[in-house]
Amino acid sequence: MLATFVAQKLTDLLMGFPNKFNATQIAEKWYAYWLANNYFHSTPDSRKPYTIVIPPPNVTGVLHMGHMMNNTLQDVLIRRARMLGLNACWVPGTDHASIATEAKVVQKLADLGVNKEDLSREEFLKHAWDWKNEHGDIILDQLKKLGCSCDWNRTKFTLDDSMTASVLQVFVDLYERGLIFRGYRMVNWDPEAQTTLSDEEVVYEEKKGKLYSIEYRVVDSNETVIIATTRPETIMGDTAVAVHPGDERYTHLHGEKVIVPIVNREIPIITDTYVDVEYGTGCLKITPAHDENDKMLGDKHNLEFIDIFNPNGTLNAEGLHYKGKDRFDARKLVVAELKSSGKLLEIKSHTHKVGLSERTKAVVEPRLSDQWFLKMEELAKPALLAVEDGTVQLFPKKFINTYRHWMTNIRDWNISRQLWWGQQIPAYYYGPGKQDFVVAITKEDALEKARKKTKNPSLKGQDLRQEEDVLDTWFSSWLWPISVFDGIRFPENEEIQYYYPTQDLVTGPDILFFWVARMLMSGYSFRNQQPFQNVFLTGLVRDSQGRKMSKQLGNSPDTLALIEKYGADSVRVGLLLSSSAGNDLLFDESLCQQGKNFANKIWNAHRLIQNWEIDDSRPQDATAKQTLIWYKSKFQKELNLVNDHFSKYRISDALMCIYKLIWDDFCSWLLELIKPAYGIPIDAQTHAELIDIFENNLRLLHPFMPFLSEELWHNITDRTKEEALVVSSWPTASEIDNHTLSVFSHTMEMITSIRSIRKQKNISTKVPMQLLETSSQAEYYENVISKLANINSFQVVTDLPQQSLPFRVGTAAYYLPFSVENPDEEIAKLKEELNYQKEFLVIVQKKLSNTRFVDNAPEQVVKIERKKETDTIEKISQIEQQITKLQR
RNA sequence: GGGUCAUUAACUCAGUUGGUUCAGAGUGUCGCCUUGACAGGGCGGAAGUCACUGGUUCGAAUCCAGUAUGACCCACCA
């Protein structure tokens, strides 16, 4: 026994194809080969382009599950497009991610004992670029491990000179169109990164907090009013107390003043219908500098604005003796002071939503400040229309509603950030304050403009001060599909004309507004055309318990370890098997195992084909010939399905079709039928056709499992053919032989039924099969049944055998002549089935005797019902005969 | 508070215009098999009141209304 085993293993080794393979080796080998042959590189030519721009991952990023999902999908699409003969171009790149990267660099410097404040802008940026040059390509290298076939020669970075040039051009252009302006507004302030954030960069989380009731004494009176607040530390910034004008409890206090505790400032009681009478005491403190709604009231009632915070979230001089304390420490201290002075009446627990900075997780502070804004309303119009009229299609469609809602309620975009890592805003101040400025791409242009504007030709370069702020990261990425082809600086260049608009965009719904919507706006604004035709929105990758993957929970698998363990092909399959468009996917590692099993199955099928001994002199085996004819049609049928799935972005359905085609139809049916008896060589004709078929399987498989398919493509034969699978062609559709398909399918069902009876009755010998000559019959392939169901003869009989085991496929009845050991049991079974059929007949006949059905239902449907009726009657008669036989 | 989507087998999900014997797939599970590609395998089986309640219809997993549960989006009341 051991000897045979060892002999087998030796044979394997000699043949060069052991029953296992090294996925990592294969991946490295072929990725290098593809790169060496420049297969991923695209230049404009006479073919139709198929373009995808990658959603640029942050340079700070490492490959997480979301990236893997996303980029696998893009790679599947781009590889298939390449095989379809399109000029496939996948533009890769990274995003400079200003806040995230700056935070990383600040942290790194801090670890070295260096404060950002001690560095000049230039010195800091040098550190930042060093960091980028060292770490920026990590994620791109990881994408290569996954097999992504990006055109790496085109790799872009949102802070590249060419990209920055586009950004500046756009800024100046929008400014000149009157869409960019400076404004003193309430913005979201991240006290940790010490910058503003756009509304989209604020994430709200439900937090348990406290609601404090504080007593304010009315001036020259013993009366008090009670206000409720979640932020008692902001009382230093209070400049009014508001009540509803119709609230009778406070009518007598209109026009009076109250004293703010601790600061002892007198502030007016104002009336405004904004105040909710029902809520709390109906009395509201107003802190115009630290709350959006309070600012609105402050503007309306001409209230004083008192800003009590420093940019880092500590209190400034307005905070009196709490000056320098952090806002949360100050809160505790203020509460303590109020408590000791008896002004604090009540503390209730209270859950409310708190805005957090998406990048730093710091609690966002509403803060009044001078910032740059972009007016969005006009820009949004064509972008909304494009989605509504179908010029741009969203998959899945459900996102259209969300999109519309956002686009019709769009607010101005705060585009300035108080950071250094990013594009510095090209605005130049020439006066003492920030009132007088010009906007220009270069300092020279700015100087010229400033001279004209001031009518002062002696103005010098050093009189200009460039705006310190940089632009929001998204202000460069919203131009991505245009700027990667230099389409803004050089609108007529060949590249942009050829590649734009791109075809598909694959990204997560979380950046639908951040990015997708804005790209649409910039596309229409700067090229009068949509930037892409289809947007495929993937779901979130969750863990098997449905939880979001996050660092805190530690439930996000190490992606590189997964690739290492299962191989990139298997991980891709694992991800894709469970990813329907737009729905979140619950990732379980077992899916990768399933992918690996599939890879192994294919590997071994190839090994079988490869190791067969071939006999040139033998004529083609009839069963094999028959089976090959069937498989070719089956393949065509599935190919059509796969193409259809692709057109609807049902990528996992497409993969499942291929999975079943290869595993079930190819391996379980075709190979089993073609396989000659042990020791007999295969005929050359069959083998050659088999290789053709296997190659076609590999073509279908390639977009999903690029590495393994490429490896087998080169292993399987040395005939002349396309040089590599990656640049070979996707199978083309051809005729389907429906007759063969249906006969084969009937045959397969018969085989399954016979096997089932064999299992039940524990029959392992060869048996004959009988059928009544009077019975209606379907076509089937005897040789196939003989081989796979161990049937040795097919007898047509005039009378039902006395003792037999019947089975039925459709309406065709067949019998295995066996003595029935326990007729009663069989009769009982048959009677049960008889009852079912009779009941079914009643239902069908009831339907058919209903004139409303016959009159209203489409003819085809009625016809089908009539067929059901005749079929069922025939079945009933068969079963009754079988019962009668057994009863004798 | 406003809105969107979902709920189908143990799990993850399909189910297209309401109509095919429509209740499906993959995984898992159970039983049997195993020296000739693959135990990461083969063969066969079991498994669901389509969330619930009504309605429309000749006919509902599918359409409508309501309820429950969950997810997400938007806006936020101190």
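Lettering follows sequence order; numbering is per chain, from 1.
Contact between the side-chain N/O atoms of S590(A) and the OP1/OP2 oxygens of G28(B) is not found at any separation under 4.0 Å. OP1 or OP2 of G42(B) sits under 4.0 Å from a side-chain N or O of W663(A). Regarding contacts with the backbone of G44(B), a side-chain N or O of T752(A) is found under 4.0 angstrom from either OP1 or OP2. Note on K675(A): a side-chain N or O is less than 4.0 Å away from OP1 or OP2 of A37(B). Considering only side-chain N and O atoms, R650(A) lies under 4.0 angstrom from the phosphate OP1 or OP2 of G15(B). Within the 4.0 Å cut-off from OP1 or OP2 of G19(B), not a single side-chain nitrogen or oxygen of K867(A) is found. Look at Y204(A) and you won't find any side-chain N or O under 4.0 angstrom from OP1 or OP2 of C73(B). Proximity of N604(A) to the phosphate of G40(B): no side-chain N or O atom is located under 4.0 Å from OP1 or OP2.
Distance H352(A) NE2 to A75(B) P: 18 Å, rounded to the nearest Å. K565(A) places its NZ atom 14 Å from the P atom of G40(B), with the value rounded to the nearest Å. With rounding to whole Å, L585(A) atom CG is found 8 Å from C13(B) atom P. Remark: P of A78(B) and NZ of K353(A) are 11 Å apart, rounded to the nearest angstrom. Taking atom NZ on K397(A) and atom P on C73(B), their separation rounds to 22 Å, with Å as the unit. The interatomic distance linking D276(A) (CG) with G1(B) (C1') rounds to 12 Å, in whole Å.
With a 3.5 Å ceiling on both atom-pair distances, G59(B) lacks any Watson-Crick or G-U wobble partner. Pair assignment for C77(B): none, as no Watson-Crick or G-U wobble contacts are both less than 3.5 Å. Here G44(B) sits opposite C30(B) as a Watson-Crick or G-U wobble pair (both hydrogen-bonding atom distances under 3.5 Å). Across all strands shown, U7(B) forms a Watson-Crick or G-U wobble pair with A68(B), both key distances being under 3.5 Å. Pairing for G36(B) is absent, with no Watson-Crick or G-U wobble pair whose two atom distances lie under 3.5 Å. Of all nucleotides present, none satisfies the Watson-Crick or G-U wobble test against U20(B) with each distance under 3.5 Å.
When the C1' atom is used for both A61(B) and A51(B), the distance is 12 Å, rounded to whole Å. Taking the P atoms as reference points, U16(B) lies 11 Å from U62(B), given to the whole Å. With P as the reference atom, A71(B) and A23(B) are 34 Å apart, rounded to whole Å. For the C1' atoms, the distance from C22(B) to U69(B) is 27 Å, rounded to whole Å. Using P as the reference atom, G41(B) and G28(B) are 8 Å apart when rounded to the nearest Å. To the nearest whole angstrom, the two P atoms, one in C50(B) and one in G42(B), are 33 Å apart. Separating the P atom of U29(B) from that of A10(B) is a span of 15 Å, rounded to the nearest Å. Rounded to whole Å, the P atom of A37(B) lies 46 Å from the corresponding atom of U17(B).
Within the nucleic acid shown, L284(A) comes within 4.0 Å of at least one base atom, counting heavy atoms only. Within the nucleic acid shown, S668(A) comes within 4.0 Å of sugar-phosphate atoms alone, with no base atom in reach, counting heavy atoms only. Base contact: C667(A) has a heavy atom under 4.0 Å from a base atom. Among the protein residues, Y836(A) comes within range of the nucleic acid bases, having at least one heavy atom under 4.0 Å from a base atom. At a threshold of 4.0 angstrom between heavy atoms, the contacts of E672(A) include nucleobase atoms, whether or not backbone atoms are also involved. Within 4.0 Å (heavy atoms only), K875(A) reaches at least one base atom of the nucleic acid. The residue R542(A) sits close only to the backbone: its heavy atoms come under 4.0 Å of sugar-phosphate atoms, none of a base.
Note that CD1 of I754(A) and CZ of F807(A) are 4.0 Å apart. Values are rounded to the nearest 0.5 Å. With values rounded to the nearest 0.5 angstrom, R758(A) atom CZ is found 6.5 Å from I763(A) atom CD1.
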What do the steps show when you test L303(A) against D294(A) for side-chain contact (heavy atoms from CB on, under 4.5 Å), and what is the final call?
CA-CA 10 Å; L303(A) 299 176; D294(A) 289 12; over 6 Å; no
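A salt bridge between E869(A) and K847(A) is absent, with no side-chain N of the basic residue lying under 4.0 Å from a carboxylate O of the acidic one. No salt bridge links D664(A) with K660(A); every basic N to acidic carboxylate O contact stays at or beyond 4.0 Å. Salt bridge status for E672(A) with K675(A): present, with a side-chain N to carboxylate O gap under 4.0 Å. A salt bridge is defined here as a Lys NZ or Arg NE, NH1 or NH2 lying under 4.0 Å from an Asp or Glu carboxylate O, and D644(A) with K648(A) meets this definition.
Relative to the side chain of Q594(A), the nucleotides U27(B), C43(B), A78(B) differ in distance, and U27(B) lies closest. Closest to the side chain of D664(A), out of G26(B), G19(B), C38(B), is G26(B). The nucleotide whose nearest atom lies closest to any side-chain atom of T230(A) is, among A78(B), C74(B), A37(B), A78(B). Among the nucleotides A14(B), G19(B), C58(B), the one closest to the side chain of N850(A) is C58(B). The side chain of K759(A) lies closest to G31(B), out of C77(B), G31(B), G45(B). Side chain of V861(A), nearest nucleotide from G19(B), U12(B), C58(B): G19(B). Distance from the side chain of N597(A) is smallest to G41(B) among A78(B), G41(B), A71(B). Side-chain proximity of N293(A) to A37(B), C74(B), C76(B): nearest is C76(B). For R607(A), counting side-chain heavy atoms from C-beta on, the closest listed nucleotide (G19(B), A37(B), C73(B)) is A37(B). The nucleotide whose nearest atom lies closest to any side-chain atom of M656(A) is, among G40(B), G36(B), G26(B), G26(B).
On a pure distance criterion of 3.5 Å, no polar donor-acceptor pair joins the side chain of K398(A) and the base of C5(B).
Taking the nucleotide of RNA chain B with the nearest heavy atom to each of S756(A) and V275(A), the more 5' of the two is matched to S756(A).
Ring geometry for H606(A) versus W603(A): interplanar angle of 30 to 60°, hence tilted.
The one candidate from W406(A), Y403(A), F399(A), W413(A) that meets the ring-ring contact (aromatic ring centres under 6.0 Å, His included) condition with F513(A) is W406(A).
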